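Order of listing sets the numbers, starting from 1, for every ligand and every atom in it. Computed from a prediction, not measured in an experiment: that's the story for all the values here.
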Amino acid sequence: MVGIIERYRHLWNLGPLDESNLVTLGEGQTPLIRVRTPWADGAGPQVFGKLEGCNPTGSFKDRGMTLAVTMAKQAGKTAALCASTGNTAASAAAYAARAGLKAVVVIPGGKVAPGKLLQVRAFGALLLEVEGAFDIALERLRNAIAERSRWELVNSVNPWRILGQESAAYEVVEQLGRVPDLFLLPVGNAGNITAYYRGFKRLGLIPPRFIGCQAEGAASMVEDRDIENPETVATAIRIGKPVSRSFAKEAVTATQGRFVAVSDQAILAAQAELAHQGIFVEPASATPYAVLLRLWQLGELPSAQTAVLVFTGNGLKDSDTAQRVFPTQKTAWDGSTAALDNALTADEVLP
Ligand SMILES: *Cc1c(COP(=O)(O)O)cnc(C)c1O
C-alpha cells in the first residue's frame, strides 16, 4: 500500500528528498461511508463519515506524521518530540520507530486515554508528564528544545503536519466525486480544520461550509477566548489555547460556517448511536455527530445535500470511557436454544 506522500507529492513542493528517507506506514485511503440519520432520505442532508480511525495508529495524525518525520529525517534530525493529548504521541512514536529516530512525548497529567499511552510504550518512545493541560505541555516543550537544532518538534505547529493532513480533503473529493456542502469535524488545536480548508483550496475548489465542533468545557473557538482549565471527556480536544486559532477562524468565516459546542453527555450519546450502526469512534470523534443532531433538533442545520463528518480516531483507544458507555454484560449460557430465544427477544440486543 502506498502512503500519502507517494500519492500526493506531485501537489506539493517538498524539495530534494532522498527516497531512503521516506517514512510511511501506509497511511491514508480511509473509507468514506454513509452514516444513518434520524431523518428520512431527502428530508435532510445525506451524511457520510470519513473513517480516520482506519489509519495505521488509529487516528488522522498519521497523515501529517509521515511527512513531518520524513522531512525531519531528510534534514538529518535525530529525535522527534511532541506535546500531545495522546494521538499525536502515538503517531509520533510509531513513525519515529519506523524511521529509526528517537521520540519523546510530553502529555498532560492523568488525562490521556490508556490505549494511546500503551501505543507510545509499545513503540518505545520516552513518555514525560507535566502537571496541567496540553497547552502547558506544549509551551514547556517549545521552550526547552528551542536551542537544539537536531531535535524536531512534530506538533501541528510543524508545517509539514498540516500539509500532510490536507490529503484527507483530496480523498473526500475523490471518493464523493465533488466537494460536500457541509463539513463537520472536531476542533482542538485547530490544525485539522486548517488542513482541510487548505486542501480544498489547493485543488482549486471552493471549500465546503465548515462547522467546527467542540466540547462545552473546552469551547475556545465558540467562545472566542482561551480556556484556562479545559475539561471534557473528549480528551483529544481538551485544549484551551488552539495554536491554529486564526486559521480556523478564517476557514469558518470564509465559508459561512460556524463553531458549535455540545455537552459531554451529548458526545457520549452520539458515540453510542454511532456504535449502534457499527462505527466505533473515540469521544472526540463523536462530537461532529452530536453537533449534527443538535443543529437538526434546533432547526439550525444549514440546508445541504451532502455532509461529511470526520471520525478522527478509533474507539478502542479510550477503553476507560468506553467501558462506562458500554459496560460489559456477560450472561451465563446453558447451551440451549430456548435461552437464545429469550436473549434475542430481550431489549439488550439491538435490532
Ligand atoms: C488531534 C485530534 C483532534 C483535534 O484535531 P486538531 O487538529 O487538534 O484540531 C480531534 N480528534 C482526535 C481523535 C484527535 O486525535
Peer 1: Ignoring hydrogens and geometry, is there a side-chain-to-backbone donor-acceptor pair from Ser336 to Ala339 under 3.5 Å?
Peer 2: yes
Peer 1: Return the orientation label for the Phe326 and His276 ring planes: parallel under 30°, perpendicular over 60°, tilted otherwise.
Peer 2: perpendicular
Peer 1: Are Trp296 and Leu292 connected in the hydrophobic side-chain network, where two residues link if heavy atoms are under 4.5 Å apart?
Peer 2: yes
Peer 1: With heavy atoms only and a cut-off of under 4.0 Å, state how Thr88 meets ligand 1: side chain, backbone, both or neither.
Peer 2: neither
Peer 1: What protein heavy atom lies closest to atom 8 (O) of ligand 1? Include the residue and the distance to one decimal.
Peer 2: Asn189 N, 2.8 Å
Peer 1: Can Phe311 be reached from Ile211 by stepping across I, L, V, M, F, W or Y side chains whose heavy atoms are under 4.5 Å apart?
Peer 2: yes
Peer 1: Below 4.0 Å from ligand 1: does a non-hydrogen atom of Ser285 turn up there or not?
Peer 2: yes
Peer 1: Students should be able to answer this: which protein heavy-atom is nearest to atom 7 (O) of ligand 1, and at what distance?
Peer 2: Asn192 N, 2.8 Å
Peer 1: Whether the Arg63 and Ser167 side chains hold a donor-acceptor pair (N or O, under 3.5 Å, no angle test) is what I'd like checked.
Peer 2: yes
Peer 1: Quick check on contacts: which atoms of ligand 1 are under 4.0 angstrom from a heavy atom of Gly191?
Peer 2: 6 (P), 7 (O), 9 (O)
Peer 1: Considering only heavy atoms of Val187, which atoms of ligand 1 have at least one such atom less than 4.0 Å away?
Peer 2: 9 (O)
Peer 1: Give yes or no for whether the N/O distance cutoff of 3.5 Å, strictly under, is met between Ile237 and ligand 1.
Peer 2: no
Peer 1: Would Arg148 count as a cation-pi partner of Trp151, with NZ or CZ less than 6.0 Å from the six-membered ring centre and within 45° of the ring normal?
Peer 2: yes
Peer 1: Quick one: does Ile239 get an N or O within less than 3.5 Å of an N or O on ligand 1?
Peer 2: no
Peer 1: How close does the nearest protein non-hydrogen atom get to atom 14 (C) of ligand 1, and which residue and atom is it?
Peer 2: Lys61 NZ, 2.9 Å
Peer 1: Looking only at protein heavy atoms, which one is nearest to atom 5 (O) of ligand 1, and how far off is it?
Peer 2: Phe60 CZ, 3.5 Å
Peer 1: For ligand 1 and Asn87, I'd like to know whether there is a polar contact (N/O to N/O, distance under 3.5 Å).
Peer 2: yes
Peer 1: Under 3.5 Å, is there a donor-acceptor pair linking the side chains of Asn158 and Glu152?
Peer 2: yes
Peer 1: Verify whether one side chain among Gln175 and Lys50 offers a donor that lies under 3.5 Å from an acceptor in the other.
Peer 2: yes
Peer 1: For residues Tyr170 and Tyr8, establish whether the separation of their ring centroids is below 6.0 Å.
Peer 2: yes
Peer 1: Tell me the protein heavy atom at minimum distance from atom 12 (C) of ligand 1, and give that distance in Å.
Peer 2: Thr312 OG1, 3.2 Å
Peer 1: Which of the atoms in ligand 1, numbered in the order shown and given with their element, are less than 4.0 Å from a heavy-atom of Gly313?
Peer 2: 13 (C)
